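Quick notes on the structure that follows.
Note that the structure is a prediction, hence the values are computed from the model and not measured.
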Amino acid sequence: MKRLFLILALIFILPAKAYAEDNYFEIKIGNSANKFELTSDKNFHLVDKELNEIHDLGVKSISAEFVDGKIILKSGDKILSENFPAKGEFKISSESYIKLKNKYRGYFHFEVENNKLNAINYIELEDYLKGVVNNELDYSHPMESLKTQAITSRTFAMSNKNKYIKKGYNLTDTTSSQVYRGQSSEHEKTTKAVDETKGMYLAVDSKPISAIFGASSGGIIADAKEVWGGDYSYLKRKEDPYSDDYKWSLKFSKEEFINKIKSKYPLTEIYSINILETDSSGRVKLLEILGDKTYNIKASELRNLLGAAKMKSTLYVVQTENDIVFNGKGYGHGVGLSQYGAVNMAKEGKGYEEILQFYFPGTKLIK
């Protein structure tokens with residue numbers, strides 16, 4: 001233990017330099033917590049900012065706990081560090097995968113946010129994508145659609161690298177970034193899609209584009225400016241015949257509907273629901289709920305109240321004669337790449353370059 005603290009003290013004196021930082025991402029794994037447990041099939045090592053190994057910790061399990069403003073690193077009853085540095089000054093590695101619920105490639109370190117710890121997976125971009133693609137588009141789909149997803153996900157990561165930089169990491173492992181489950185979720189087919197498109201990304205004026213994607217456009221792509229703001233030449237309203245047959249229906253009794261919205265919009269009776277405003281793609285923006293009270297409600301808010309997994313999009317019509325029935329198309333926001341459409345295009349024999357140009361017109365594929 002004395003040797004470890006001596007090594008740490010010596011290294012703090014030496015200036016650290018970046019180790020191919022552009023190729024690496026810091027991914028927040030799960031939620032913030034007071035304590036994390038890491039395990040591996042082989043010994044853990046301590047590495048510096050350049051990823052040079054500086055010490056074999058001699059243990060296969062590590063706990064990191066935030067106590068009195070310090071990160072305590074332990075293995076069982078053995079204290080490895082009473083004040084482990086945050087901000088990636090040192091990282092934990094193993095010659096095997098590191099397990100934190102899922103198994104992960106790369107390295108781990110810890111950040112402090114709001115008096116809790118964040119577990120950060122420090123990982124090379126291509127390895128990160130191997131743990132993303134199969135979660136965003138299942139390996140069972142055609143290879144050209146998987147390659148499309150790999151390039152889109154790579155571009156998304158590159159263009160969003162600074163999304164959470166003020167919090168000490170680049171991306172999360174959830175849908176707020178991209179769904180990432182590490183090596184545990186890899187599949188040989190999606191890994192092949194990543195490998196065979198290595199380094200490829202979409203650009204405008206040599207910069208990675210905002211590569212937005214969703215499950216299905218429902219036959220008409222939404223304009224990003226109308227959904228979130230921000231004017232992008234390649235994210236405009238467009239007919240999408242490859243996603244036209246993705247349909248859904250959601251039915252509530254009037255009593256069920258009233259119970260769903262009562263926390264914010266209390267009613268005892270409901271007479272009708274009227275669509276007041278749509279965008280250029282036909283997606284609902286504003287509705288009127290008429291009952292013993294009258295409310296105007298944003299379609300995005302109503303979707304959250306009813307459940308985004310059930311009310312799959314805001315591209316719908318509504319009937320209120322007896323029950324309340326929403327008949328809709330598409331799944332998600334409708335901007336950018338429609339994964340459902342990409343799969344259908346691939347089934348028709350179209351390659352990933354053609355698919356990408358359809359959904360992101362006017363962009364350049366950098367190889």
Side-chain angles (χ1 to χ4, degrees), residues 18-29 40 47 49-53 88 91-100 102-109 119-139 141-165 169-175 177-203 206-213 337 339 342 351-353 355-356 360 363-367:
Y19 178 83
E21 279 187 296
D22 286 347
N23 296 328
Y24 280 80
F25 281 69
E26 293 176 297
I27 314 298
K28 178 186 175 184
I29 304 301
S40 181
V47 301
K49 288 190 72 172
E50 294 179 308
L51 307 185
N52 299 307
E53 182 185 329
K91 299 176 178 68
I92 295 165
S93 71
S94 174
E95 293 178 2
S96 184
Y97 302 118
I98 297 175
K99 186 174 182 181
L100 178 62
N102 298 308
K103 293 181 180 178
Y104 294 91
R105 299 176 183 269
Y107 309 82
F108 269 84
H109 65 92
I120 308 297
N121 183 201
Y122 188 71
I123 187 167
E124 201 273 333
L125 175 58
E126 299 300 313
D127 283 342
Y128 162 69
L129 292 170
K130 292 171 185 175
V132 167
V133 176
N134 190 37
N135 295 294
E136 292 291 357
L137 190 65
D138 190 80
Y139 72 87
H141 293 303
M143 179 56 72
E144 292 303 299
S145 63
L146 297 177
K147 290 181 179 180
T148 299
Q149 183 65 55
I151 294 168
T152 303
S153 287
R154 184 181 294 109
T155 308
F156 179 94
M158 293 170 69
S159 65
N160 284 276
K161 191 166 188 180
N162 292 325
K163 186 173 183 180
Y164 297 103
I165 198 69
Y169 48 92
N170 301 119
L171 300 169
T172 70
D173 63 354
T174 70
T175 54
S177 297
Q178 301 186 92
V179 179
Y180 170 62
R181 296 291 179 264
Q183 191 275 337
S184 298
S185 65
E186 293 177 16
H187 187 275
E188 59 183 2
K189 193 175 172 185
T190 47
T191 294
K192 182 179 180 182
V194 172
D195 288 341
E196 292 188 358
T197 62
K198 185 176 181 179
M200 295 184 192
Y201 65 95
L202 294 168
S206 301
K207 296 180 181 179
I209 69 166
S210 184
I212 304 299
F213 61 92
L337 173 74
Q339 294 166 308
Y352 65 87
E353 292 190 51
I355 299 171
L356 289 167
F360 301 108
T363 62
K364 183 178 180 181
L365 182 61
I366 307 296
K367 297 184 178 181

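- Of all heavy-atom pairs between Ala150 and Thr197, the closest is CB-OG1, 3.7 Å.
- Not a single donor-acceptor pair under 3.5 Å links the side chain of Ser177 to the backbone N or O of Asp173.
- Nearest heavy atoms, Lys147 versus Ala193: N-CB, 3.9 Å.
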*Mind running side-chain contact (heavy atoms from CB on, under 4.5 Å) on Leu51 and Tyr122 for me, showing each step along the way?*
CA-CA 10 Å; Leu51 307 185; Tyr122 188 71; 4.0 Å; yes

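- Taking the charged nitrogens against the carboxylate oxygens, Asp195 and Lys192 have no contact shorter than 4.0 Å, which rules out a salt bridge.
- Considering all non-hydrogen atoms of both residues, Ile151 and Tyr201 come closest at CG2-CA, 4.1 Å.
- Using a distance-only test at 3.5 Å, with no hydrogens or angles considered, no donor-acceptor pair links the side chain of Thr363 to the main chain of Ala203.
- Pairing each heavy atom of Leu100 with each of Ala119, the nearest pair is CD2-CB, 3.7 Å.
- Looking at residues two or more places apart in sequence or on another chain, you find a ring-ring contact (aromatic ring centres under 6.0 Å, His included) between Tyr128 and Tyr180.
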*Could you walk me through whether Val132 and Val179 pass the side-chain contact (heavy atoms from CB on, under 4.5 Å) check?*
CA-CA 6 Å; Val132 167; Val179 179; over 6 Å; no

*asked:* side-chain contact (heavy atoms from CB on, under 4.5 Å) for Glu186 and Asn134? Distances and angles first, verdict last.
replied: CA-CA 6 Å; Glu186 293 177 16; Asn134 190 37; over 6 Å; no

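- The only member of Arg105, Arg154, Lys198 that meets salt bridge (charged side-chain N to carboxylate O under 4.0 Å, His left out) when paired with Glu126 is Arg154.
- In this structure, Tyr104 and Arg181 approach most closely via the heavy-atom pair CE2-C, 4.1 Å.
- A donor-acceptor pair is defined here as one N or O able to donate and one able to accept, closer than 3.5 Å; such a pair exists between the side chain of Asn170 and the backbone of Lys161.
- In the displayed structure, Lys91 atom NZ is contacted under 6.0 Å by more than 12 heavy atoms of other residues, nucleotides or ligands.
- Note: Asn135 CG to His187 NE2 = 12.5 Å, rounded to the nearest 0.5 Å.
- Distance check: Thr191 OG1 to Leu146 CG gives 10.5 Å after rounding to the nearest 0.5 Å.
- Residues Ala342 and Leu337 come closest through the heavy atom pair CB-CD1, 3.9 Å.
- Looking only at distances, a side-chain donor or acceptor of Thr155 sits under 3.5 Å from a matching main-chain atom of Leu202.
- Counting heavy atoms from C-beta outward, Lys28 and Ile120 have side chains that approach closer than 4.5 Å.
- Note that CZ of Phe108 and CD1 of Ile123 are 8.5 Å apart. Values are rounded to the nearest 0.5 Å.
- Without hydrogens or angle criteria, Ser184 side chain to Lys103 main chain gives a donor-acceptor distance under 3.5 Å.
- To the nearest 0.5 Å, atoms CD (Glu26) and CG (Leu171) are separated by 10.0 Å.
- You'll find the side chain of Asn52 stays beyond 4.5 Å of the side chain of Val47, heavy atoms only.
- Taking the six-membered ring where the residue is Trp, Tyr24 and Tyr107 present tilted rings, their angle falling between 30° and 60°.
- A distance of 9.0 Å separates CD1 in Ile366 from CE in Met158, rounded to the nearest 0.5 Å.
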*For side-chain hydrogen bond (donor to acceptor under 3.5 Å, both in side chains), just list the numbers for Gln178 and Glu136, CA-CA rounded to whole Å, side-chain angles, deciding distance to a tenth of an Å, and then say yes or no.*
CA-CA 7 Å; Gln178 301 186 92; Glu136 292 291 357; over 6 Å; no

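- The OG atom of Ser96 sits 8.5 Å away from the CD atom of Gln183 when rounded to the nearest 0.5 Å.
- Counting heavy atoms from C-beta on, the side chains of Lys189 and Met143 come closer than 4.5 Å.
- Residues Ser159 and Ser210 bring no donor and acceptor atom of their side chains to less than 3.5 Å of each other.
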